[in-house]
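Keep in mind that the numbers below use all heavy atoms, side chains included, and drop hydrogens, waters and symmetry copies. Here is the naming used below: chain letters follow the sequence lines, and residue numbers restart at 1 for every chain.
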There are 2 protein chains.
Amino acid sequence: MKKFTNRSLCPISTALDIFGDKWTLLIVRDIIFEGKSAYKEFMQSEEKIATNILANRLSILEAQGLVIKEKTTGNRSRYLYHPTPKAIALIPVIAELILWGNTYYPDTYTHPESLLAGLKTDKMNTIQAYTEKLTARLNRKKDKLD
Amino acid sequence: MKKFTNRSLCPISTALDIFGDKWTLLIVRDIIFEGKSAYKEFMQSEEKIATNILANRLSILEAQGLVIKEKTTGNRSRYLYHPTPKAIALIPVIAELILWGNTYYPDTYTHPESLLAGLKTDKMNTIQAYTEKLTARLNRKKDKLD
DNA sequence: CAATAAACTTGCATTTTGCAAGTGATAATA
DNA sequence: TATTATCACTTGCAAAATGCAAGTTTATTG
């Protein structure tokens, strides 16, 4: 089990204490930009995460309040992982990562392709659009529970 | 030795292949925002990086073209690590990390304190100011060599 | 009700991390 | 000039994390 420790009161190191590894942000990417929500879907990503690592990271994301785990009934996928506002707030971070990555490794690309294009031509609006879309979806979910 | 592998052509995963760990970005933080350049200075950071990890990460940063290692003479510090444009281009990523971290962990703070304040009140200008300052310093260094 | 599938868990070898101690080269000091 | 100190590491080793394959459990479909 990966243990959680706060190494300092630096916001950067605090953030890295949570997702400073090779896998966690890829799961967030899948949830936020690819609309994935099932365990199986995360397993299918190109980077081939190991199943025990995925289970571990999902539990950390849940414990840190970045995802909520929903139990469904009568469905093939029995659990669904949804982003919280705290995860949605990572969109600007990931957006800058995408731009940096593609600047220095130009043969990289995103799913969907329009994401990278959008960030290049109008970063602010692209970030805002994704943020609002996911926030709206989250609010609809919340309304249903009332 | 940590080995470098490209897990996919995703710009995010490509970026994480380089600095997807708990330490690398903290070294970049020290270089960029705290003006550190000597091995000893990195060792003194609050997070207490182990000396073998620091040596390993510096060699990776150098190999990936994020820092250049300068040999000095007649000085106390015999080697100095300077950021390349590729490292300077990480400023927006780190800036967003700072904002995210401080939003969800409000008792965190930055060195210098003005950095966090600046990002909160005028993100774009703060990023631009740091970028230009470091780029100018880099160019002065380059001129000297001509 | 048997077979399939989803979401894990377990076991184990390999790799990475963390900690302490040691080393070699240069620089300051007596 | 000899000695001491400092810097930038390297090495050794125990502990933790990762990667891979196989197994388990619960629900669902034919």
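Phosphate contact (OP1/OP2 of D:dA17, side-chain N/O of A:R57, threshold under 4.0 Å): absent. Side-chain nitrogen and oxygen atoms of A:W23 include at least one within less than 4.0 Å of the OP1 or OP2 phosphate oxygen of D:dG19. Contact between the side-chain N/O atoms of A:K40 and the OP1/OP2 oxygens of C:dA7 is not found at any separation under 4.0 Å. Close to D:dC7, at under 4.0 Å from its OP1 or OP2, lies no side-chain N or O of B:Y81.
Among the nucleotides D:dC9, C:dA7, C:dT17, the one closest to the side chain of B:Y39 is D:dC9.
Between the CG atom of B:L26 and the C1' atom of C:dT17 there is a distance of 15 Å, given to the nearest Å. Rounded to an integer number of Å, the gap from CE of A:M43 to P of C:dA5 is 16 Å. Counting to the nearest Å, the C1' atom of C:dA7 and the CD atom of A:E70 are 15 Å from each other. For the pair A:I60 CD1 and D:dA17 C1', the interatomic distance rounds to 11 Å; values are reported in whole Å. Rounded to whole Å, the distance from CG on A:L54 to P on C:dC8 is 8 Å. Note: CG (A:D21) to C1' (D:dA17) measures 10 Å, nearest angstrom. The interatomic distance linking A:K69 (NZ) with C:dA6 (C1') rounds to 12 Å, in whole Å. The separation between B:N56 atom CG and D:dA8 atom P is 17 Å, rounded to whole Å.
Under the ring pair (Phe, Tyr, Trp, His ring centres under 6.0 Å) criterion, no residue pair touches residues 39-87 of chain B, with sequence neighbours excluded.
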So which protein N/O to nucleotides 24-26 of chain D N/O distances come out below 3.5 Å?
none

(request) Given side chain to side chain contact (heavy atoms under 4.5 Å, CB included), test B:I27 with B:V67 step by step and report yes or no. (result) CA-CA 10 Å; B:I27 300 171; B:V67 304; over 6 Å; no
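Of all heavy-atom pairs spanning B:L97 and A:A15, the tightest one is CD2-CB, 3.8 Å.
Taking the nucleotide of DNA chain D with the nearest heavy atom to each of A:T73 and B:L58, the more 5' of the two is matched to B:L58.
Among residues two or more places apart in sequence or in another chain, the salt bridge (charged side-chain N to carboxylate O under 4.0 Å, His left out) test is passed with A:R78 by none. B:I32 meets the side chain to side chain contact (heavy atoms under 4.5 Å, CB included) test with B:V28, B:I91, B:L134; sequence neighbours excluded. Residues passing the side chain to side chain contact (heavy atoms under 4.5 Å, CB included) test with B:E34, sequence neighbours excluded: B:R29, B:D30, B:K36, B:H111.
Within residues 45-53 of chain B, the residues approached by DNA chain D to less than 4.0 Å at the level of any non-hydrogen atom are B:T51, B:N52, in residue-number order.
B:S8 and B:S13 form a side-chain donor-acceptor contact under 3.5 Å, judged by distance and modelled atom types alone.
A salt bridge is defined here as a Lys NZ or Arg NE, NH1 or NH2 lying under 4.0 Å from an Asp or Glu carboxylate O, and B:K141 with B:E70 meets this definition.
Side-chain N or O atoms of B:W100 include one that pairs as donor or acceptor with a backbone N or O of A:K86 at under 3.5 Å.
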